[in-house]
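Heads up, the thing below is written out as structure tokens.
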2 protein chains.
Amino acid sequence: MAGRHRTFDEDTVLRQATEIFWTKGYESTTTEDLLAAMHLNKGSLYNAFGSKKSLFQRVVSHYSQQVFSDLDRQIEASDQPMEVVRNLFREVCDPEDPAQHLKGCFFGNAVSELASIDGELEKQAIEKLKTLENLFKKALDKAVALKQLAIQNTEIPARYLVNLWNGINVTRRMYPHRKDLEPILKMSLQILS
Amino acid sequence: MAGRHRTFDEDTVLRQATEIFWTKGYESTTTEDLLAAMHLNKGSLYNAFGSKKSLFQRVVSHYSQQVFSDLDRQIEASDQPMEVVRNLFREVCDPEDPAQHLKGCFFGNAVSELASIDGELEKQAIEKLKTLENLFKKALDKAVALKQLAIQNTEIPARYLVNLWNGINVTRRMYPHRKDLEPILKMSLQILS
DNA sequence: ATAGTTTTTGACCAAATAGTATAAAATGGC
DNA sequence: GCCATTTTATACTATTTGGTCAAAAACTAT
């Protein structure tokens with residue numbers, strides 16, 4: 001293909017866009033915010049991504065791919081799959097960067113914000129939470145197969161875990177400290193041990 | 001006091017404002033939305049409530065007073081206080097108006113949306129979720145006193161219940177059907193029976 | 001009655017919004 | 001070197017935003 005090449009790295013600018021959509025939400029993020037975070041000019045942004053909405057869709061898709069394929073790999077690699085799940089929740093309760101508490105879950109935020117604003121975007125966020133649920137189910141199934149867990153049905157427990165995920169990502173804003181979150185988590189995971 | 005009287009009922013217009021702030025969120029609700037919902041002119045709105053932000057604060061305060069004083073009364077009146085709590089959650093899973101599923105929890109929504117937008121409003125919403133937690137604790141304490149529940153500590157279980165509340169109010173947007181939500185709820189409340 | 005006070009009405013305003021347009025410079029395949 | 005494309009930078013646009021204001025209307029106290 002002829003013509004000048006892109007000078008920015010798509011992966012990088014998408015991560016930068018993710019960061020600001022995540023912290024400020026969809027509607028409250030302005031194009032100026034995005035331009036500043038991504039170090040692009042308006043022309044480049046609109047040429048490359050079309051609109052704020054389609055950029056957001058790219059961001060959702062890009063971020064989910066990152067985070068879920070990693071989690072999937074971890075579950076497949078581990079011989080203690082539920083430990084992977086527990087570690088995920090532990091990271092939520094005690095993140096490396098405490099500012100994460102204010103951000104909550106990107107998908108959960110999107111679902112809450114967009115429900116009555118943009119049904120299409122909401123649907124896509126819901127889909128991602130269901131992907132997470134499926135990964136929980138995968139871990140549960142593997143634990144059952146390995147006889148590390150004695151439950152008959154894994155569908156409800158998987159939903160129980162997404163629900164826990166949804167909850168803790170709101171509750172962490174009420175109580176952004178490990179000492180407050182861990183007892184809740186411990187009590188919640190007890191039922192699966 | 002001299003001067004023209006208000007022609008609108010404050011309670012009524014606050015309820016109307018609640019409805020639209022709840023469904024659309026704080027930022028996405030425009031003054032025009034509010035004027036239409038409250039059947040007021042701009043001047044009246046700003047004369048009576050000062051600003052969009054202070055109206056929102058009034059709405060938060062007004063709605064919380066309504067809903068929490070009612071719940072408090074129920075807990076005090078009941079000789080099976082945990083049944084009051086369970087009914088609250090049952091209503092969430094199977095509301096009279098199914099459109100409620102899309103709305104989630106007013107305070108939880110506010111916390112999620114406003115965390116990085118307006119710290120003051122976020123704090124007020126967090127405070128209300130903590131009020132709910134205190135009511136859960138009150139019910140738990142009463143159940144313990146009545147020997148209907150055999151637990152030592154009620155603080156963690158109360159937080160477990162707010163966390164369940166926060167979770168189910170997001171999860172209900174993923175699964176806006178009783179048959180999906182009830183098994184999650186049953187599994188979650190099992191630990192307290 | 002009338003003076004004083006408050007509410008209502010609807011026009012008005014400045015700032016911000018997402019997105020477009022333009023034109024020149026940069027870059028690369030052919 | 002020609003052509004296609006992206007980048008940069010700036011200007012522009014149409015709409016929407018939260019909020020103000022002046023004047024009319026409604027009411028109370030004296």
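In this text, all values refer to a predicted model and were calculated from it rather than measured experimentally. Chain A is the first sequence line, chain B the second, and so forth, proteins listed ahead of strands; every chain is numbered from 1.
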Strictly below 4.0 Å, N to O, side chains only: are A/Lys53 and A/Glu120 in salt-bridge contact?
yes
Find which nucleotide of DNA chain D each of A/Leu40 and B/Lys42 is nearest to by heavy atoms, and output the residue with the more 5' nucleotide.
A/Leu40
Would you kindly give the CZ-to-C1' distance between A/Phe21 and C/dA18, to the nearest whole Å?
12 Å
A/Glu32 has an atom CD; how far is it from atom C1' of D/dT17, in whole Å?
16 Å
Measure CG/A/Asp33 against P/C/dG19 and give the value in whole Å, please.
14 Å
Which listed nucleotide (C/dG19, D/dA25, D/dT6) is nearest to the side chain of B/Arg4?
D/dA25
For atom CG of B/Asn41 and atom P of D/dG19, their distance in whole Å
17 Å
Looking at D/dG18, D/dA26, D/dT6, which one has an atom nearest to any side-chain atom of A/Arg6?
D/dT6
Salt-bridged, A/Arg6 to A/Glu10, with N to O below 4.0 Å?
yes
Distance check needed: D/dT17 C1' versus B/Lys52 NZ, whole Å only.
9 Å
Nucleotide nearest B/Tyr46 (side chain, heavy atoms from C-beta), chosen from D/dA9, C/dA18, D/dG18:
D/dG18
Once you round it to whole Å, what is the distance between P of C/dT8 and NE2 of B/His39?
15 Å
So which nucleotide from D/dT8, D/dT7, C/dG19 ends up closest to the side chain of A/Ser51?
C/dG19
Using 4.0 Å as the upper bound for N to carboxylate O, is an ion pair formed by B/Glu122 and A/Arg173?
no
Figure out the OH/C1' separation between A/Tyr26 and C/dT17, and round it to whole Å.
12 Å
Nucleotide nearest B/Thr31 (side chain, heavy atoms from C-beta), chosen from C/dA18, D/dG18, D/dA25
D/dG18
Kindly point out which of D/dT6, D/dT8, C/dT7 is positioned nearest to the side chain of A/Ser44?
D/dT8
Across the strands shown, which category fits B/Ser28 at heavy-atom distances under 4.0 angstrom: base, sugar-phosphate, nothing?
nothing
Hey, is the side chain of B/His5 poking within less than 4.0 Å of OP1 or OP2 on D/dT28, counting only N and O atoms?
yes
Can you tell whether the side chains of A/Glu76 and A/Lys138 come within less than 4.0 Å, N to carboxylate O?
yes
Closest to the B/Phe8 side chain: C/dT8, D/dT7, D/dG18?
C/dT8
Any salt bridge linking B/Arg159 with B/Glu133? Criterion: basic side-chain nitrogen under 4.0 Å from a carboxylate oxygen.
yes
In whole angstroms, the gap separating C1' of D/dT6 from CD of A/Glu10 amounts to 14 Å
